[in-house]
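First the structure, in the form of structure tokens, and then the observations on it.
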Number of protein chains: 2
Amino acid sequence: MCELLGMSANVPTDICFSFTGLMQRGGNTGPHRDGWGITFYEGKGFRNFKDPNPSCDSKIAELVQNYPIKSCAVISHIRQANRGAVNLENTHPFTRELWGRYWTFAHNGQLCDYQDLVTGRHRPVGQTDSELSFCWLLKQMEDKYPQPPQDMASVFKFIAQCCDKLREKGVFNMLLSDGEYVMTYCTNHLYWITRRAPFGKASLIDEDVEINFQEETTPNDVVSVIATQPLTDNEEWHRMKPGEFGLFHCGELADGNADQLIDVPFAEKKVKCQAPTEPLE
Amino acid sequence: MCELLGMSANVPTDICFSFTGLMQRGGNTGPHRDGWGITFYEGKGFRNFKDPNPSCDSKIAELVQNYPIKSCAVISHIRQANRGAVNLENTHPFTRELWGRYWTFAHNGQLCDYQDLVTGRHRPVGQTDSELSFCWLLKQMEDKYPQPPQDMASVFKFIAQCCDKLREKGVFNMLLSDGEYVMTYCTNHLYWITRRAPFGKASLIDEDVEINFQEETTPNDVVSVIATQPLTDNEEWHRMKPGEFGLFHCGELADGNADQLIDVPFAEKKVKCQAPTEPLE
């Protein structure tokens, strides 16, 4: 199995603290030695760092832990391989372009009888059930919306319906982002927490590190973190239910069951994520 | 304008030396302050590092210079923006998946009347003439070969014909790779050099750095480097002609004018690039 980490924020925020906790599970406090990856969106673009080697002793993971890259949407994954060899093309997250947006996907779990998933123009490069199911999802999305859709809330509701079908094939915990939204889909293990003022302290489960978010934030910051297992031991994480999907936007959980998504005009609640204020130097 | 750097090798080879020279042109010895990027293939997968900030003082560029990532196919770019704002989505190289392979593209030059380039399912995310022309090329490739083609030599010959049309719109120096081949197309500035035994010393033009390749290589290594301007001052670089295309495979220039490509069974000359022998730790 693997572990997932995602973030949605209303201002560009670094994920160094949570990523530090996750990386320990990559061969240190956890058995996920078969690679790791992280994708940060900045505007419509993204950066990705990945390595098929264990995260706990990766120089590139060390850079990502110590160098605050600020983003409003992040997806990360550490891998314990089940389907597909340990190599770079099988290392999550996977990214494809659709409708002029980059879509990033990471999966926790294992599917059976997944070989019958028919893909379209997006073909898998590697051999994992995860990348195949991502390409299958993209085909469903493109078949349903041949032209770039305007109402993204409907799109995510439709993706969740497709995920219900993937869940019939096994364990399918997923994070998906187009750079603006971070979508979650739960089969069994997915937790989330939203941090906002008044901010407090948090301490990692996997390493002896504590942070005082009050020193790192402004009063208007809203940041949600999603993970397959809670990363801190002194905060209350919400557990998602089997079959539940979540849609995070600008740090807030927009909706947990999608019923009201259609009625909520997202444009109204959209607070445009600003570009990073500090240059990456 | 921008600068390009590419590499093709028959064994996984690091590009630290050449990259160090190129990075100095990103705001130090050259005016290319508007971002940089580099893509390394490893097997069918790839890693990409990019930054919209100047390369000469980027922490991520520093990591790439000092940390030997070994690859058989590399494409790099530093940018001096003309079309499109300075941001991450406009930073080269660009990557898209087609036929179950990742294609990576970088462009030097500037096109006029490019807005009439019709794209298909691959849509640009940013606003550059470069990314648009890449998506246009992908449409030509997919229209011509709806299914994954077997004869890649014919594919690259066809791409070169498409590049001839782009050259009618302005300056189009290009590097393109599917991870196995590195294709070059020249309008005005493109140089290449192939290094093989007996290896000698080389010294960078842009920084006071010398390397003795004999200490870094084995006698069977063959490594070609392509750049918009020569990077060393004590070696003989070959200049490509306007409209010329080159196809590098396992370090060797397969052909410069494509006429014999169809007749050369590539499978025969293919020496499979081995996976990196040293783990990235």
Side-chain angles (χ1 to χ4, degrees), chain A residues 35 37 39-54 56-64 66-69 71 85 87-91 94-102 119-127 131 135 138 142 146 148 178-179 275-276 278-281, chain B residues 35 37 39-54 56-64 66-69 71 85 87-91 94-102 119-127 131 135 138 142 146 148 178-179 275-276 278-281:
Chain A
T39 294
F40 301 87
Y41 281 91
E42 290 177 33
K44 297 170 78 179
F46 70 96
R47 298 164 199 278
N48 171 270
F49 300 87
K50 58 172 67 172
D51 208 328
N53 297 298
C56 65
D57 51 14
S58 159
K59 272 224 173 17
I60 302 176
E62 195 181 305
L63 175 90
V64 178
N66 296 322
Y67 178 50
I69 295 172
S71 171
N87 57 33
L88 201 54
E89 69 253 31
N90 287 336
T91 304
F94 303 103
T95 300
R96 294 286 191 282
E97 175 266 315
L98 175 65
W99 305 324
R101 299 169 183 229
Y102 292 118
T119 59
R121 66 180 187 92
H122 292 101
R123 290 184 172 86
V125 174
Q127 299 81 39
E131 191 188 11
C135 292
L138 290 165
E142 196 169 32
D178 67 342
E278 295 172 29
L280 288 170
E281 290 176 7
Chain B
T39 294
F40 301 86
Y41 281 92
E42 289 178 34
K44 298 170 77 180
F46 70 96
R47 297 165 200 277
N48 170 270
F49 300 87
K50 58 171 69 173
D51 209 328
N53 297 298
C56 66
D57 51 13
S58 158
K59 273 225 171 14
I60 301 176
E62 195 182 304
L63 174 91
V64 178
N66 296 322
Y67 178 50
I69 295 172
S71 170
N87 57 34
L88 200 55
E89 69 252 33
N90 288 335
T91 304
F94 303 103
T95 299
R96 294 286 192 282
E97 176 266 317
L98 176 64
W99 305 323
R101 300 169 183 230
Y102 292 118
T119 59
R121 65 180 187 93
H122 292 100
R123 290 183 173 87
V125 174
Q127 299 80 40
E131 190 188 11
C135 292
L138 290 165
E142 195 168 34
D178 67 341
E278 295 172 29
L280 287 170
E281 289 178 5

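- Closest approach of B:Pro148 to A:Arg123, counting heavy atoms only: CD-NH2, 3.6 Å.
- Of the listed residues A:Gly179, A:Pro124, A:Cys135, A:Gly100, the one with more heavy-atom pairs under 4.5 angstrom with chain B than any other is A:Gly100.
- When every heavy atom of B:Phe49 is checked against every heavy atom of A:Ile60, the shortest pair comes out as CZ-CD1, 3.9 Å.
- The heavy-atom pair separating B:Arg121 from A:Glu97 by the smallest distance is O-OE1, 3.8 Å.
- A:His122 contributes atom NE2, which lies 6.0 Å from atom NE2 of B:His122 (distance to the nearest 0.5 angstrom).
- For A:Glu142, the part sitting under 4.5 Å from any heavy atom of chain B is the side chain, from C-beta outward, and nothing else.
- Of the inter-residue distances, the one linking B:Leu88 atom CG with A:Tyr102 atom OH reads 9.0 Å to the nearest 0.5 angstrom.
- Considering every non-hydrogen atom in both B:Asp51 and A:Arg47, the closest pair reads OD1-NH2, 3.5 Å.
- In this structure, CD in A:Glu62 is found 9.5 Å from CG in B:Leu63, a value given to the nearest 0.5 Å.
- Of all heavy-atom pairs spanning B:Glu89 and A:Glu42, the tightest one is OE1-O, 3.9 Å.
- Proximity to chain B is limited to the backbone of A:Asn48, based on heavy atoms less than 4.5 angstrom apart.
- Of all non-hydrogen atoms in A:Phe46 and B:Lys50, the two that sit nearest each other are O-CD, 4.3 Å.
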